[in-house]
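First comes the structure, then the notes that go with it.
Quick caveat, the model's predicted, so the values are computed rather than measured.
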Amino acid sequence: MPKLVEKLADRIIGRTLATAKRWQRQYYRNAYEELRLQEQWMAEVAGEKVLPAGPDPKTVTSILVFKPDEIGDAVYALPAIAELRSHYPNARISVMCKELTRPIFDRAGVVDEILPVAVKVRWQRFPFVDLKEALAKSKTQKFDIAVFLRTYPMYFHAFLKTPAKLHVHARDPRLRSSSTVQPYVQHWGEVRAHQALQMLQIVSPLTGKHYQDCDIKFPKYQWSEDDERALKLIFHDHIPKQFGVIHPYANLVTREYPLNYLIDLMDKVAARFPIPWVVIGAPNDLPLPERSYLIQAQGKLKLTQSGFLISRAAAFIGSLSGPMHWAGTLGTPTVALNSGYSAPSEWSPRSPKSLSLRIDVPCAPCHLRTCWDHDLACLKGLTPERVYPSIESFLQSCLSPSSESSAKSVTFQVKGPEISA
């Protein structure tokens, strides 16, 4: 009975959130259309003029980057933070993040201070940020600039409470403040910029640069000896010349590729490409069925050890989750098994060698935690039979001796069944 009540409550909450999102889209429709028209007009008037360079770098001594998000959000914030570091070389840059992503910012080496912040959840769905403890650890009492790097809107009020002379955030009807620096960010409408580019657009008024997709550059990670132990922990003294990494898990059912599909798919892949495949994940992630080509390492590696392992892999296959995004930024050839949860233009892997697989459904992007109306058609339409030919071709280009020139980044859209929105 308790499980039935819990399931019913989850369904009610899911439908309530879905309805709220539809209302929100309708409520802000005109406001976002006006923003697009303003940006189009400003672009036509300004042409390619360089933006004003923001505050004088000599006068800026401290910058706070507000980014209490997940793994994918953290890695896509790094190019923007690196730009701030380059433009303000004398400023002390602090990042406010979750404890989960602290190692990522530490290994990236683009910040001077990391302030882990506790994210608490109300009613199992609505998170909020507790600033007091995090700010108490900072060496800076008041920052010259605080930047809201494209994080959850529900955190915005907490961001405005950060002690700073200037608060910078995207121009968005949901983010209301008296800030004089609210750059336009291409994240609403039919064509959305990638998350990494959106964050560059947020810091654009501070650096005085117009950013394009080619400007997305990720810093080189400074791996520790402990991180590099990952290879021995997995392979002991017999490290293969080539191996792959799999991360089939996600924190939402609307983003996780079905595990029964995955094992059928990997059986086909392993038969064609006889290399070992390491499964990474959290301690509570379900194990995959035993296979001779699988090394199940769920819960056995630290986050940065997983990152190092991915950086040395010949290929990565994963669901729409943080490790998939990280793999792309590490330059590892990446196969992304995408759901309709988010737009691929925003969340496709950033590797120069990547294959982003998705099925075309009219309800995407939905950004929903559960799918009550369409039975996860966006994921269940990506059957092993449908996606394997594309994956085989991609892996052939990555794992062959000539892979340096033959593999490319591409989004492949699988034709799926018609469903009503």
Side-chain angles (χ1 to χ4, degrees), residues 234 240 242-282 284-300 306 309-310 313-325 327-328 332-341 344 348-349 353-361 364 370-371 374-400 407 410-417 419:
I234 298 301
Q242 285 188 324
F243 64 90
V245 174
I246 309 169
H247 183 263
Y249 312 103
N251 59 356
L252 297 176
V253 66
T254 48
R255 293 166 53 180
E256 184 173 283
Y257 190 66
L259 295 184
N260 60 324
Y261 278 18
L262 182 79
I263 196 64
D264 290 345
L265 175 63
M266 291 309 303
D267 284 344
K268 296 176 183 292
V269 169
R272 176 67 180 82
F273 304 100
I275 63 173
W277 290 86
V278 183
V279 187
I280 60 171
N284 58 342
D285 285 329
L286 294 174
L288 297 181
E290 293 294 331
R291 293 291 191 274
S292 60
Y293 59 84
L294 286 182
I295 301 174
Q296 311 222 31
Q298 299 92 322
K300 296 180 180 179
S306 293
L309 186 74
I310 293 170
F316 178 94
I317 298 176
S319 294
L320 183 61
S321 62
M324 181 274 286
H325 298 300
T332 303
T334 303
V335 176
L337 297 163
N338 288 322
S339 70
Y341 179 86
S348 57
K353 304 175 183 179
S354 63
L355 175 65
S356 186
L357 293 160
R358 70 184 296 269
I359 196 165
D360 189 17
V361 292
T370 53
C371 178
H374 305 307
D375 193 30
L376 294 173
C378 59
L379 284 168
K380 293 183 178 180
L382 292 174
T383 62
E385 293 74 23
R386 277 180 168 173
V387 301
Y388 175 71
S390 298
I391 294 176
E392 180 189 26
S393 177
F394 176 77
L395 292 179
Q396 175 64 34
S397 67
C398 296
L399 302 179
S400 66
V410 62
T411 296
F412 181 73
Q413 201 151 281
V414 181
K415 185 173 178 58
I419 64 173

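- Rounded to the nearest 0.5 Å, atoms NE2 (H325) and OG (S348) are 9.0 Å apart.
- Taking all atoms of both residues into account, the shortest heavy-atom contact from Y261 to K380 is OH-O, 3.1 Å.
- The minimum heavy-atom distance between A297 and I234, with the atom names listed, is CB-CD1, 3.5 Å.
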Would L309 and F243 count as a side-chain contact (heavy atoms from CB on, under 4.5 Å) here? Give the steps.
CA-CA 10 Å; L309 186 74; F243 64 90; 3.8 Å; yes

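- Looking only at side-chain heavy atoms (C-beta outward), D285 and V279 stay at 4.5 Å or farther from each other.
- Remark: E392 CD to L395 CG distance equals 8.5 Å, nearest 0.5 Å.
- Between I317 and W277 the shortest side-chain heavy-atom distance falls below 4.5 Å.
- Distance CZ/R272 to OH/Y388: 6.5 Å, rounded to 0.5 Å.
- To the nearest 0.5 Å, atom CG of residue L379 and atom CD1 of residue I359 are 9.5 Å apart.
- Two residues are said to be in side-chain contact when any heavy atoms from C-beta on lie closer than 4.5 Å; F394 and P333 meet this criterion.
- Of all the heavy atoms in H247 and S321, the pair that sits closest is ND1-OG, 3.1 Å.
- A distance of 5.0 Å separates CD1 of I310 from CZ of F316, quoted to the nearest 0.5 Å.
- No donor-acceptor distance shorter than 3.5 angstrom exists from the side chain of E256 to the backbone of S319, with no hydrogens or angles considered.
- Residues M266 and L288 fail the side-chain proximity criterion, which asks for heavy atoms closer than 4.5 Å.
- For the pair C398 and A314, the tightest heavy-atom approach, listed with the atom from each and the gap, is CB-O, 4.5 Å.
- Of the possible donor and acceptor atoms, one in the side chain of R255 sits under 3.5 Å from a partner among the backbone N and O of L320.
- Here the shortest heavy-atom pairing between L337 and L262 reads CD1-CD1, 4.2 Å.
- When side chains are defined from C-beta on, T332 does not count as touching V245, because their heavy atoms never get closer than 4.5 Å.
- Residues T334 and G328 approach most closely at OG1-N, 3.6 Å, considering heavy atoms.
- Checked by atom type and distance alone, the side chain of R386 pairs as donor or acceptor with a backbone atom of G381 at under 3.5 Å.
- Between L357 and I391 there is a side-chain heavy-atom pair separated by less than 4.5 Å.
- A 4.5 Å side-chain heavy-atom check between M324 and V335 finds every atom pair outside the cut-off.
- The main-chain N or O of L382 is found under 3.5 Å from a side-chain atom of Y257 such that the two form a donor-acceptor pair.
- Two residues are said to be in side-chain contact when any heavy atoms from C-beta on lie closer than 4.5 Å; I246 and L294 meet this criterion.
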